Protein chains: 2
Amino acid sequence: MDKLLDILKKRHISVTEGRKKILELFLKSPGALAHADIERSTSANFDRVTVYRTLQTFVEKGIIHNIPTADNAILYALCKDNCEAGHHHDNHVHFICDNCDSTICLEKVAVPEVKLPKGFTKKQTDVVVSGICIECK
Amino acid sequence: MDKLLDILKKRHISVTEGRKKILELFLKSPGALAHADIERSTSANFDRVTVYRTLQTFVEKGIIHNIPTADNAILYALCKDNCEAGHHHDNHVHFICDNCDSTICLEKVAVPEVKLPKGFTKKQTDVVVSGICIECK
DNA sequence: ATAGTTTTTGCAACATTATTGCACTTTTTA
DNA sequence: TAAAAAGTGCAATAATGTTGCAAAAACTAT
């Protein structure tokens, strides 16, 4: 029934007001969120520290993942179902719009296979494409 | 003759001690550098502000480019010859070692082609792979 | 080479962002 | 429902990034 509870309980973490509100923000948001976005949000006005710790917990538990950005803002986005605690399989390309600055998860665009030189072990591949998004087109 | 002077003069920016030292650091370093790396470096102990401004100038003039990373460190790496002011063509994959934290430009590994959905315009593609590097193997 | 102009640097102050310890509150467990 | 465990807010502190301005260095043209 309640998607929020479901997500939190599945990870065996306590269900609190803060976590529900922040998680709700992610569920409602079409793209990625920065720490600052969450802090500014009227519906979730907690202590800065709580926001930091909540985001950290969510990342650890595989609920959200952070996205590399060219301009170095810290962005978080919901993980899809195949993420587990401490082991993210975020398998799509991220897009950053040079115009509106929003970051978009291109769920349909798979991360291409990258062949590393001998001696390197691959654990995760992040692909960030920048340009003009469909909204700003 | 002097590679440092050459790089700076080509961009029509003043040749100063600070710029020479920082540029030298990049030339000597096998991978990418974080702001903190430069500040810590004994050979280049300038004011923090100078380091910030120098890096900013270098990026603007196409001498270095910054690398997006999932863990959100700000990394800079030398541009290859085909970069121009305000227009970077950095065409290789970057590797970050989870163990020693160093960033390596995999010059030999080309960035794969990414097909975007309709409506999106691509300008740049950044690929960052993390794992264990050849040194820590 | 040198005087004048332009650019860069360092300092100080300030703003933003992130981290830690501890007491208190809420949630979970049994 | 009480005890235990986990989470939260506050305060203090650290780390990181920015701005204005005066002094210093680099460039330009004689």
Side-chain angles (χ1 to χ4, degrees), chain A residues 2 4-26 32-64 66-76 85-86 101 103, chain B residues 2 4-25 32-61 63-64 66-76 85 101:
Chain A
D2 198 326
L4 294 174
L5 291 187
D6 203 51
I7 292 174
L8 293 174
K9 289 208 170 149
K10 206 173 273 172
R11 267 74 175 202
H12 308 105
I13 58 177
S14 306
V15 177
T16 66
E17 275 309 297
R19 289 179 179 163
K20 280 195 286 185
K21 285 267 175 64
I22 291 177
L23 186 49
E24 199 179 1
L25 269 180
F26 276 105
L33 295 174
H35 172 101
D37 294 330
I38 294 161
E39 229 180 298
R40 269 186 233 114
S41 161
T42 48
S43 58
N45 58 332
F46 314 104
D47 194 87
R48 291 172 55 69
V49 178
T50 300
V51 177
Y52 279 114
R53 291 196 271 226
T54 301
L55 290 173
Q56 190 179 301
T57 303
F58 282 7
V59 171
E60 279 165 10
K61 297 296 180 177
I63 297 174
I64 60 176
N66 58 2
I67 301 174
T69 69
D71 69 339
N72 243 85
I74 312 188
L75 290 176
Y76 300 90
D101 248 5
T103 297
Chain B
D2 197 325
L4 293 175
L5 291 187
D6 204 50
I7 292 173
L8 293 174
K9 290 208 169 151
K10 207 173 272 172
R11 266 74 174 200
H12 307 105
I13 57 177
S14 306
V15 177
T16 66
E17 276 309 298
R19 289 179 179 163
K20 280 196 287 186
K21 286 265 176 63
I22 291 177
L23 186 49
E24 199 179 1
L25 268 181
L33 296 173
H35 174 101
D37 294 330
I38 294 161
E39 232 180 295
R40 271 185 232 114
S41 160
T42 49
S43 59
N45 59 331
F46 314 103
D47 193 88
R48 293 168 49 67
V49 179
T50 301
V51 177
Y52 279 114
R53 290 197 271 226
T54 301
L55 290 173
Q56 190 180 303
T57 303
F58 282 6
V59 171
E60 277 166 10
K61 297 297 180 177
I63 297 174
I64 60 177
N66 60 0
I67 302 174
T69 69
D71 71 337
N72 243 83
I74 313 189
L75 292 175
Y76 299 90
D101 247 5

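Note on naming: letters A, B, ... go to the chains in the order of the sequence lines (proteins, then strands), and numbering restarts at 1 for each one. Keep in mind the model is a prediction, meaning the values are calculated, not measured.
The side chain of B:Thr54 lies closest to C:dT9 when the candidates are C:dT9, D:dT8, C:dC11.
One interatomic measurement links the two molecules: NZ of B:Lys21 to P of D:dA26, which rounds to 12 Å at whole-angstrom precision. With rounding to whole Å, B:Arg19 atom CZ is found 11 Å from D:dA25 atom C1'. For B:Ile22 and C:dT8, the CD1 to C1' distance is 12 Å, given to the nearest whole Å. Atom CG in A:Asp47 sits about 14 Å away from atom P in D:dA12, given to the nearest Å. Straight-line distance from the CD atom of B:Glu60 to the C1' atom of C:dT8: 14 Å, rounded to whole Å. In this structure, A:Phe46 places its CZ atom 13 Å from C1' of C:dT26, rounding to the nearest Å. Atom P of nucleotide C:dT26 and atom NZ of A:Lys20 are separated by 14 Å, given to the nearest angstrom.
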ask   = Once each nucleotide of nucleotides 15-24 of chain C is scored for protein heavy atoms under 4.0 Å, what B/S/- sequence comes out, 5' to 3'?
value = --BBBBB---
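In this structure, the separation between NE2 on A:His35 and CG on A:Leu55 is 7.0 Å, given to the nearest 0.5 Å. Here the CD1 atom belonging to B:Ile7 is positioned 15.0 Å from the NZ atom belonging to B:Lys61, to the nearest 0.5 angstrom. Atoms CG and CZ, on A:Asp37 and A:Phe26 in that order, are 9.0 Å from each other to the nearest 0.5 Å. Put simply, CZ on A:Arg11 and CZ on A:Arg19 are 12.5 Å apart, with the number rounded to the nearest 0.5 Å. Here CG of A:Leu23 is found 10.5 Å from OG1 of A:Thr54. Values are rounded to the nearest 0.5 Å. Remark: B:Ile22 CD1 to B:Glu39 CD distance equals 9.5 Å, nearest 0.5 Å.
What you find for A:Leu75 and A:Ala32 is that their closest heavy atoms are CB-CB, 4.2 Å.
Axis angle across the helix from C:dA1-D:dT30 to C:dA30-D:dT1, with five pairs used at each end and values rounded to 10°: 50°.
Under the 4.0 Å criterion applied to side-chain N and carboxylate O atoms, B:Lys21 and B:Glu24 are not assigned as salt-bridge partners.
Within the 4.5 Å cutoff, the side chain of A:Phe58 has heavy atoms near those of the A:Leu8 side chain. Using a 4.5 Å heavy-atom cutoff, the side chains of B:Asp6 and B:Lys9 are not in contact. A:Leu33 has its side chain out of reach of A:Ile64: every pair of non-hydrogen atoms, C-beta onward, lies at least 4.5 Å apart.
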Measure all distances between protein nitrogen or oxygen atoms and nitrogen or oxygen atoms of nucleotides 27-30 of chain C, and list the pairs falling under 3.5 Å.
| residue | atom | partner | partner atom | Å |
| --- | --- | --- | --- | --- |
| C:dT27 | O3' | A:Val15 | O | 3.4 |
| C:dT28 | OP1 | A:Val15 | N | 2.7 |

